[in-house]
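Every value quoted in this text rests on a predicted model; they were computed, and no experiment measured them.
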Amino acid sequence: MHINITTNETGNNKGSSSQLVAYLEKENRMAEAQDKHYKPQYWFNHKRDDIHPYEVRSGIDNNVAKLSKDDAKFFLLNISPSEKELLYLKEKFGMDGAKNYLKAYVNEVMDAYAKNFKRDRVDANRDLVYYAKLENNRYYTYKDLEVRKGKASRGDIKPGEQMHVQVIVSRKDASNTIKLSPLNNSKGTNAEHSKIVGQFDRVAFKQSAEQIFDRMFSYEREVKESFEYANAMKNGSYEQKVEVREKQRVQDSGNLFQQSHSKGIIDVLLDGAAKNYGPPTVDDGRRRKKKKRPGQDYDRGQQLSR
């Protein structure tokens with residue numbers, strides 16, 4: 001599960017959200033150009049799943065009380081399941097079911113988002129102003145290596161499972177009185193400062209989002225695909241890297257144990273032997289002759305008398 005928090009995909013977030021909302025309508029525009037009877041993919045949140053673009057712009061742009069022109073007005077969350085996670089959802093619920101359950105998951109993630117601020121009167125997604133848009137595809141941009149090498153064109157659909165959700169969330173809470181910034185670096189060391197801007201631990205938030213997915217869908221996550229593992233390998237100390245590697249080793253050992261009981265221990269050992277030693281060699285007719293010990297006749301298999 002990849003979750004990224006940014007200011008805006010199309011520019012800064014200190015003005016109107018209209019440019020970003022229009023950008024996130026690109027799939028609807030492309031589909032409508034090809035099919036006049038196409039039903040648009042609406043926006044959603046914890047209240048509704050049929051929200052129109054103009055409602056998104058109005059909801060975000062009118063929730064800016066006491067914010068200066070240089071203050072951030074909103075933030076963008078990109079919630080992107082891995083290809084493995086998406087295939088799991090589609091196999092479990094089907095295509096349409098996967099979309100509906102992914103929307104339900106996003107609302108739970110926004111619930112965790114609200115709680116992560118540790119602010120009075122901000123306890124759940126109902127205390128936020130946010131609008132989410134499910135996108136089925138990703139598209140090549142000029143930044144992609146395939147475009148620079150001429151293997152793809154800007155705007156082409158990327159291959160593979162690419163379904164994800166973009167969320168525009170207001171800087172102010174639903175009461176339009178409390179400032180909330182997920183990019184705030186306060187860790188609570190300054191209590192008075194934290195009361196004003198809130199404490200948002202991005203690592204804890206991403207871990208909780210991953211745990212919500214696993215719990216909601218009974219997903220058995222490998223250590224190597226966890227945020228903890230990726231974060232430790234990229235940013236962790238030597239001890240943290242050793243710890244997550246050990247967790248992976250223990251999990252692999254447990255998987256081997258389960259496999260041995262379901263498949264049969266002899267089969268597992270034989271599989272291991274095949275991996276270690278490879279396929280049997282073929283006799284090419286060039287066997288080496290054994291050296292004779294003094295006094296031994298191998299043709300008759302008898303000892304010669306001295």
(request) Tell me, yes or no, whether the heavy-atom count around Arg48 atom CZ, taken from other residues, nucleotides or ligands under 6.0 Å, exceeds 12. (result) yes

- Kindly work out whether a path of hydrophobic side-chain contacts (I/L/V/M/F/W/Y, heavy atoms less than 4.5 Å apart) joins Val242 to Val250. no

So ring pair (Phe, Tyr, Trp, His ring centres under 6.0 Å) across residues 132-157, not counting sequence neighbours, yields none

Glu32 side chain vs Arg29 backbone, donor-acceptor pair below 3.5 Å | no

* Is the backbone of Ala232 close enough, under 3.5 Å, to the side chain of Asn235 for a donor and an acceptor to pair up by distance? -> no

Margin query: Quick one: does any side-chain atom of Asn13 pair with a main-chain N or O of Ala72 as donor and acceptor, under 3.5 Å?
Written below: no

How about Lys14: does its NZ atom have over 12 heavy atoms from other parts shown lying under 6.0 Å from it?
no

- Do Leu87 and Val165 share a hydrophobic cluster, counting only Ile, Leu, Val, Met, Phe, Trp and Tyr and linking them when any side-chain heavy atoms are less than 4.5 Å apart? no

Between the CG atom in Leu128 and the CG atom in Leu180, the distance rounded to the nearest 0.5 Å is 7.0 Å

As a quick check of understanding, evaluate side chain to side chain contact (heavy atoms under 4.5 Å, CB included) for Asn78 and His164, giving each step before the final call.
CA-CA 7 Å; Asn78 184 318; His164 62 285; 4.2 Å; yes

Determine whether Tyr38 and Ile157 fall in the same hydrophobic cluster, where Ile, Leu, Val, Met, Phe, Trp and Tyr are linked whenever their side-chain heavy atoms lie under 4.5 Å apart.
no

Heavy-atom closest pair (Asp61 atom, Ser18 atom, distance to 0.1 Å) is OD2-N, 4.4 Å

Consider only side-chain heavy atoms of I, L, V, M, F, W and Y, link residues closer than 4.5 Å, and tell whether Val169 and Ile212 are in one cluster. yes

Task: is_close_aromatic(Phe227, His2), centroid dist under 6.0 Å - done: no

Exercise. Go through the steps to decide whether Lys179 and Asp71 satisfy the test side chain to side chain contact (heavy atoms under 4.5 Å, CB included), and finish with yes or no.
Key: CA-CA 10 Å; Lys179 291 182 180 181; Asp71 284 336; 3.9 Å; yes

Are any of the side-chain heavy atoms of Phe44 and Lys133 separated by less than 4.5 Å?
no

query = Does some side-chain heavy atom of Met110 sit less than 4.5 Å from a side-chain heavy atom of Val167?
reply = yes

Inset, instruction - Quick one: do Leu24 and Val21 satisfy side chain to side chain contact (heavy atoms under 4.5 Å, CB included)? Show the steps, please. - result: CA-CA 5 Å; Leu24 295 177; Val21 173; over 6 Å; no

On a heavy-atom basis, the closest approach of Glu225 and Arg221 is CG-CG, 3.4 Å

For the residue pair Ser68 / Asp70, report whether a side-chain donor-acceptor contact shorter than 3.5 Å exists. no

Rounded to the nearest 0.5 Å, the OG atom of Ser58 sits from the CG atom of Asn63 at a distance of 10.0 Å

side-chain contact (heavy atoms from CB on, under 4.5 Å) test vs Asn125 passes for just one of Asp111, Val109, Val106, namely Asp111

(request) Run the numbers on Tyr113 and Phe200 for ring pair (Phe, Tyr, Trp, His ring centres under 6.0 Å), then give the verdict. (result) CA-CA 9 Å; Tyr113 175 91; Phe200 196 91; 5.3 Å; yes

Between the CD1 atom in Ile79 and the CD1 atom in Ile3, the distance rounded to the nearest 0.5 Å is 5.0 Å

Glu246 with Arg249: basic N within carboxylate O range, under 4.0 Å
yes

task: State, with a plain yes or no, whether a side-chain heavy atom of Ile5 is found less than 4.5 Å away from one of Leu76.
output: no

Check your understanding: Taking a hydrophobic cluster as the set of Ile, Leu, Val, Met, Phe, Trp and Tyr residues connected by side-chain heavy atoms closer than 4.5 Å, whether directly or through intermediates, do Leu134 and Leu86 fall within one such cluster?
Key -> yes

task = Return yes if some donor-acceptor pair links the side-chain N/O of Lys172 with the main-chain N/O of Ala65 below 3.5 Å, else return no.
result = yes

CZ of Arg138 to CE of Met163, rounded to nearest 0.5 Å, is 11.5 Å

Got a donor-acceptor contact below 3.5 angstrom from the Gln162 side chain to the Pro159 backbone? yes

So ring pair (Phe, Tyr, Trp, His ring centres under 6.0 Å) across residues 63-95, not counting sequence neighbours, yields Tyr88-Tyr219, Phe93-Tyr101, Phe93-Phe217

Measuring only between side-chain heavy atoms, which start at C-beta, is Phe205 closer than 4.5 Å to Leu77? yes

Do NZ/NE/NH1/NH2 and the carboxylate oxygens of Glu161 and Lys84 come within less than 4.0 Å?
no

- Item | Test item: Ser175 and Arg121 side chains (from C-beta on) under 4.5 Å apart, heavy atoms | yes

The reported gap from CG in Asn45 to NZ in Lys103 (rounded to nearest 0.5 angstrom) is 11.0 Å

Can a side-chain donor-acceptor contact be found between Lys99 and Asn136 if the only test is distance below 3.5 angstrom? yes

message: Are Arg119 and Ile178 packed together at the side-chain level, in the sense that at least one heavy-atom pair is separated by less than 4.5 angstrom?
response: yes

Assess whether a salt bridge exists between Lys206 and Glu228, defined as any Lys/Arg side-chain N lying under 4.0 Å from an Asp/Glu carboxylate O.
no

Interatomic distance, CG@Asn100 vs CG@Leu89, rounded to 0.5 Å, equals 11.5 Å

**Asked** Quick one: are Tyr131 and Ile60 in side-chain contact, heavy atoms under 4.5 Å?
**Response** yes

Taking every heavy atom of Glu27 against every heavy atom of Asn137, the minimum-distance pair comes out as OE2-N, 2.8 Å

- Query: Backbone N or O of Gln41 within a donor-acceptor pair of the Asn28 side chain at under 3.5 Å?
  - Reply: yes

Exercise: do Gln166 and Trp43 side chains pair donor with acceptor under 3.5 Å: no

Q: Keeping the roles fixed (side chain from Glu210, backbone from Gln207), state whether a donor-acceptor pair exists under 3.5 Å.
A: no

- Item | Carboxylate-amine/guanidinium contact Glu135 Lys26, below 4.0 Å | yes

Is Glu85 reaching over with its side chain to a backbone N or O of Ser82, donor-acceptor style, under 3.5 angstrom?
yes

- May I ask you to test the Asp201-Asn116 pair for a side-chain heavy-atom distance under 4.5 Å? yes

For Lys158, the side-chain hydrogen bond (donor to acceptor under 3.5 Å, both in side chains) test, sequence neighbours excluded, returns Asp144

| message | Would you say that more than 12 heavy atoms from the other residues, nucleotides or ligands in this model lie under 6.0 Å from the CG of Asp35, or not? | response | yes

Next item on the list: Give a yes or no on whether Lys92 atom NZ has more than 12 heavy-atom contacts from other residues, nucleotides or ligands under 6.0 Å away.
Entry: yes

Closest non-hydrogen atoms of Ala114 and Ala124, given as atom of the first, atom of the second and distance, are CB-O, 3.3 Å

* **Exam field: side chain Ser237 to backbone Gln240, donor-acceptor pair closer than 3.5 Å** => yes

- Query: Do the side chain of Arg57 and the main chain of Ser17 share a donor and acceptor less than 3.5 angstrom apart?
  - Reply: no

Next on the checklist: Set out, in order, the CA-CA distance, both residues' side-chain angles and the distance that settles side chain to side chain contact (heavy atoms under 4.5 Å, CB included) for Tyr130 and Ile168, then state yes or no.
Outcome noted: CA-CA 6 Å; Tyr130 72 93; Ile168 304 177; over 6 Å; no

